[in-house]
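A quick write-up on the structure given underneath.
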Amino acid sequence: MIDYRLLQALAAVIEQQGFEKAAQQLCLTQSAVSRRIKQLEALLGQPVLLRTSPPVATAAGQRLLNHLQQVRQMEAALGLTDDPEHLVVRLATNADSLATWLPQALVLPDHPGVQFDLVVEDQSVGLKRMKQGDVMACVCDAAQPVNGGAVLYLGALRYRAVASVDFVERHQLTQNLPAKIAALPCMVFSQHDQLQHQYLADIAGATPQRVHLCPSSEGFVRAVLVGLGFGLLPELQSQHLLDSGQLIDLSPGYFLDTPLYWHYWQSESPLLQLLRQRVEQTAKQYLVQPAVL
């Protein structure tokens, strides 16, 4: 049986980025916090912290922090916590949602004490964080809920294939684009990002031959703007650039819609239920919704 005071000491050191501030938060001496960490490591038989500046949890330490997070959420759901307003919500999301519509959904004016720990994953792999018990909620493209979880369809993030004016002129893409495009450099967010691959398969029956990996949503936009390569950008992120003439739609009328789902645990607290409702409302404003028959 784990003494949860030891886990709280570990969480405080990580959250406060050091032993001194963790001790202040827990109203303990710094040596007392250090002893609790050593007790935890003795119990596990392995380190839970890397004594860097700031300290970093080891893989074992991270598993313990995930466990503590789940316990805190269950206590909040049962009304057993003294301070549900200061819950730290660990949330997995794709970078493009974080760069467009999601931040607005996370604003909870009546609950200023809520803190978010955002984990950025490609929409195709984000659900693994839920399966590992690493996060309280997840935005991803998987429709199937995990065991003990539930899922809510949010809508689709629409992507268009775009490039800079200079890129189009340099490669003469106004003529015979399907025959040329596969050989040109394209921007890809990560090894999991298959949007550009799908686009090329659809319009040219080909796969990318030259790829620039750019794991930053803002950096991705900038790279396309300066002509480093072409790429598929969310309409929410690129429409004003298309309207102003800074970007060109390579295949007018073509788009790819990526469905997005909100995954959450069935044991969600009232605060997390409110967050889910807020996310659903915001998604209806910004994401492509199914046509009503």
Side-chain angles (χ1 to χ4, degrees), residues 91-107 118-127 129-130 137-145 149-163 177 181 186-190 192-204 214-225 230-264 274-293:
L91 166 64
T93 177
N94 61 312
D96 287 339
S97 287
L98 189 57
T100 53
W101 66 275
L102 184 60
Q104 183 173 329
L106 303 183
V107 178
L118 301 173
V119 179
V120 178
E121 291 278 14
D122 189 84
Q123 61 261 20
S124 63
V125 297
L127 195 60
R129 295 284 191 164
M130 286 287 288
C138 171
V139 177
C140 68
D141 67 3
Q144 185 66 33
V151 63
L152 171 70
Y153 178 65
L154 298 174
L157 195 56
R158 176 160 292 179
Y159 289 81
R160 295 192 182 276
V162 299
L177 180 143
I181 191 70
C186 71
M187 305 304 304
V188 174
F189 185 82
S190 72
H192 302 292
D193 178 10
Q194 294 294 305
L195 290 173
Q196 286 69 216
H197 298 67
Q198 184 62 55
Y199 167 67
L200 289 175
D202 290 343
I203 65 115
C214 181
S216 161
S217 187
E218 293 78 9
F220 195 109
V221 175
R222 182 62 184 164
V224 173
L225 275 170
F230 74 92
L232 274 83
L233 289 177
E235 198 171 69
L236 289 173
Q237 209 173 18
S238 60
Q239 189 61 58
H240 72 288
L241 298 171
L242 290 166
D243 292 342
S244 66
Q246 296 179 71
L247 290 179
I248 293 177
D249 190 337
L250 293 175
S251 300
Y254 178 92
F255 57 83
L256 282 175
D257 283 349
T258 297
L260 293 177
Y261 298 84
W262 177 259
H263 288 262
Y264 59 99
L274 175 64
L275 175 61
R276 171 167 54 84
Q277 293 167 351
R278 173 72 176 164
V279 167
E280 183 179 17
Q281 292 167 0
T282 307
K284 286 180 178 179
Q285 287 181 257
Y286 292 99
L287 299 183
V288 177
Q289 299 298 320
V292 178
L293 300 177

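Note: hydrogens, waters and symmetry copies are ignored here, and every other heavy atom, side chains too, is used.
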Glu280/Lys284 under side chain to side chain contact (heavy atoms under 4.5 Å, CB included): CA gap, chis, key distance, verdict = CA-CA 6 Å; Glu280 183 179 17; Lys284 286 180 178 179; 4.0 Å; yes
Once you round to the nearest 0.5 Å, how far does [atom1] of [X] lie from [atom2] of [Y]?
| X | Y | atom1 | atom2 | result |
| --- | --- | --- | --- | --- |
| Phe255 | Arg158 | CZ | CZ | 3.5 Å |
| Thr93 | Trp101 | OG1 | CH2 | 7.0 Å |
| Leu287 | Thr282 | CG | OG1 | 9.5 Å |
| Cys138 | Arg129 | SG | CZ | 9.5 Å |
| Asp141 | Leu154 | CG | CG | 12.0 Å |
| Leu102 | Asp96 | CG | CG | 11.5 Å |

I want to check something: taking the side chain as every heavy atom from C-beta on, are [X] and [Y] in contact at a cut-off of under 4.5 Å?
| X | Y | answer |
| --- | --- | --- |
| Leu274 | Arg278 | no |
| Leu275 | Leu91 | no |
| Tyr199 | Ser251 | yes |
| Leu106 | Leu118 | yes |
| Leu241 | Val221 | yes |
| Leu260 | Ser97 | yes |
| Trp262 | Val139 | yes |
| Cys140 | Glu121 | no |

Looking at every non-hydrogen atom in both residues, tell me the closest pair between [X] and [Y] and how far apart they are.
| X | Y | result |
| --- | --- | --- |
| Ala142 | Leu127 | CB-CD2, 3.7 Å |
| Ala283 | Gln289 | O-NE2, 3.2 Å |
| Phe189 | Phe220 | N-CE1, 3.6 Å |
| Met187 | Cys214 | CE-CB, 3.7 Å |
| Ile203 | Ile181 | CD1-CG2, 3.6 Å |
| Gln237 | Ala99 | NE2-CB, 3.6 Å |

Main-chain N/O of Leu232 paired to Arg160 side chain as donor or acceptor, under 3.5 Å | no
Main-chain N/O of Leu157 paired to Glu235 side chain as donor or acceptor, under 3.5 Å | no
Could you please spell out the steps behind the side chain to side chain contact (heavy atoms under 4.5 Å, CB included) verdict for Asn94 and Thr258?
-> CA-CA 11 Å; Asn94 61 312; Thr258 297; over 6 Å; no
Hey, mind stepping through Leu250 and Phe230 against side chain to side chain contact (heavy atoms under 4.5 Å, CB included) and telling me if it holds?
-> CA-CA 9 Å; Leu250 293 175; Phe230 74 92; 3.8 Å; yes
